[in-house]
Amino acid sequence: MPKRVDHQARRREIAEALFRIAAAQGLQAVTLRAVAADAGISMNLVQYYFPTKEEMLRFAWQRVVELTGEIAGKTIGEAMKTGDERTVVRAYLTAVLPDGERRRMLAAVQIAYFAVDVTRGSQAPDQEPLLPHLVHAIAGLLKAAQEKGAVPVRLDPLLEADALATMSAGLVTGIMVGAYTAERAAEIVDYRLDGVFTGVR
């Protein structure tokens with residue numbers, strides 16, 4: 001019998017090749033031919049799954065969001081079991097910090113996509129934003145903590161969540177350029193949360 005092809009697995013293999021190129025050289029270096037060469041397959045096969053570069057880029061973005069979510073989800077899921085809002089907020093903020101080779105590559109790919117968005121002044125079609133989801137989740141946790149007296153009522157949960165999410169994104173970049181280690185970035189997160197969760201120690 002002819003061998004059955006796992007088409008989704010093949011698309012993911014192609015996305016991994018795109019990741020390697022984007023992480024090392026940026027999205028400007030990503031072409032159907034370059035991805036085919038990196039993946040060790042023919043350009044015709046790449047075009048079979050992705051007729052255009054834009055389709056390939058959209059799939060790769062969805063894949064990097066999926067992978068990042070899976071990695072972060074494990075940490076956040078464990079934190080949620082505690083029922084402690086601070087622990088969960090900390091998990092949201094630190095789960096995205098690149099502390100290993102795989103996570104560094106995924107972070108580099110995300111930064112490559114963001115760099116393209118900045119230069120053209122708009123977000124890529126079908127590119128799901130990351131920060132708004134993070135802000136919404138943290139804001140909800142801060143509101144719950146306020147009801148328990150763990151966070152001062154004078155703080156605006158949405159503004160504070162925006163500030164924390166932006167800080168976390170900046171720390172990711174800082175780690176990638178060598179300004180911080182992942183451990184130092186986690187210390188900064190803890191320091192900042194000390195100023196937010198003043199009702200608990």
Side-chain angles (χ1 to χ4, degrees), residues 2-76 92-93 95-139 161-162 164-179:
K3 183 178 180 181
R4 295 185 63 181
V5 178
D6 187 335
H7 295 294
Q8 189 66 1
R10 181 54 63 88
R11 290 187 181 91
R12 290 175 176 176
E13 288 173 13
I14 293 170
E16 287 291 332
L18 186 151
F19 293 164
R20 290 189 289 270
I21 295 170
Q25 304 173 58
L27 283 189
Q28 70 276 5
V30 172
T31 64
L32 294 173
R33 189 177 302 280
V35 169
D38 189 280
I41 58 178
S42 71
M43 185 173 169
N44 286 340
L45 186 56
V46 172
Q47 288 180 305
Y48 172 80
Y49 289 103
F50 303 106
T52 68
K53 177 181 174 179
E54 283 302 313
E55 290 180 66
M56 183 173 63
L57 288 172
R58 280 196 292 269
F59 178 86
W61 174 256
Q62 293 164 359
R63 181 63 177 155
V64 78
V65 170
E66 177 186 356
L67 290 169
T68 303
E70 288 175 359
I71 294 171
K74 294 177 183 178
T75 300
I76 296 167
Y92 269 107
L93 298 174
V96 298
L97 301 179
D99 60 356
E101 184 177 344
R102 177 65 170 170
R103 292 172 72 169
R104 285 184 67 88
M105 183 181 75
L106 293 176
V109 173
Q110 289 180 1
I111 291 171
Y113 272 86
F114 296 154
V116 170
D117 291 343
V118 168
T119 57
R120 69 183 170 192
S122 64
Q123 187 168 286
D126 300 330
Q127 181 170 314
E128 184 179 5
L130 295 179
L131 279 183
H133 297 290
L134 181 61
V135 170
H136 177 76
I138 293 175
D162 261 318
L164 290 170
T166 301
M167 175 194 69
S168 184
L171 289 173
V172 170
T173 303
I175 292 172
M176 295 301 291
V177 300

Exercise for the section: Could you tell me the separation between the OG1 atom of Thr52 and the CG atom of Leu32, rounded to the nearest 0.5 Å? Expected result: 7.5 Å

Completion exercise
Scanning both residues in full, the closest heavy-atom pair of Ala107 with Met176 reads CB-SD, 3.9 Å

Problem - Side-chain donor or acceptor of Arg103 paired with backbone N/O of Leu97 under 3.5 Å - result: yes

Practice task
Indicate yes or no: at least one non-hydrogen side-chain atom of Pro98 is less than 4.5 angstrom from one of Val172.
Solution key: yes

Fill in the blank from the handout: To the nearest 0.5 Å, atom CE of Met56 lies from atom CD of Gln47 at 9.5 Å

Exercise for the section: Measure the shortest side-chain to side-chain distance between Ile41 and Ile14 over non-hydrogen atoms and say whether it is less than 4.5 angstrom. Expected result: yes

Handout entry: Over 12 foreign heavy atoms within 6.0 Å of CD, Glu101
Key = no

Problem - Approximate separation, where rounding is to 0.5 Å, of Ile71 CD1 and Glu66 CD - result: 11.0 Å

Exercise for the section: From the options Thr75, Val135, Leu134, select the one residue that forms a side chain to side chain contact (heavy atoms under 4.5 Å, CB included) with Tyr92. Expected result: Leu134

Practice task
Answer yes or no: is there a side-chain heavy-atom contact under 4.5 Å between Leu164 and Met167?
Solution key: yes

Handout entry: Salt bridge Arg58-Glu55, side-chain N to carboxylate O under 4.0 Å
Key = no

Practice task
Please report the closest heavy-atom contact between Ala60 and Phe19, naming both atoms and the distance.
Solution key: O-CE2, 3.5 Å

Exercise for the section: Mind checking the OH-CG spacing from Tyr113 to Leu27? Nearest 0.5 Å is all I need. Expected result: 5.5 Å

Practice task
Please report the shortest heavy-atom distance between Arg102 and Met105, naming the atom on each side.
Solution key: NH1-CE, 3.0 Å

Exercise for the section: Kindly give the heavy-atom pair with the smallest separation between Ser168 and Leu93, and that separation in Å. Expected result: OG-O, 2.9 Å

Problem - Minimum heavy-atom distance between Leu45 and Arg10, given as atom pair plus value - result: CD2-NH1, 2.7 Å

Fill in the blank from the handout: Taken to the nearest 0.5 Å, the spacing of Thr31 OG1 from Ile21 CD1 works out to 6.5 Å

Handout entry: Arg63 and Leu18, any side-chain heavy atoms less than 4.5 Å apart
Key = no

Problem - Between CD1 on residue Ile175 and CZ on residue Arg104, distance to nearest 0.5 Å - result: 8.0 Å

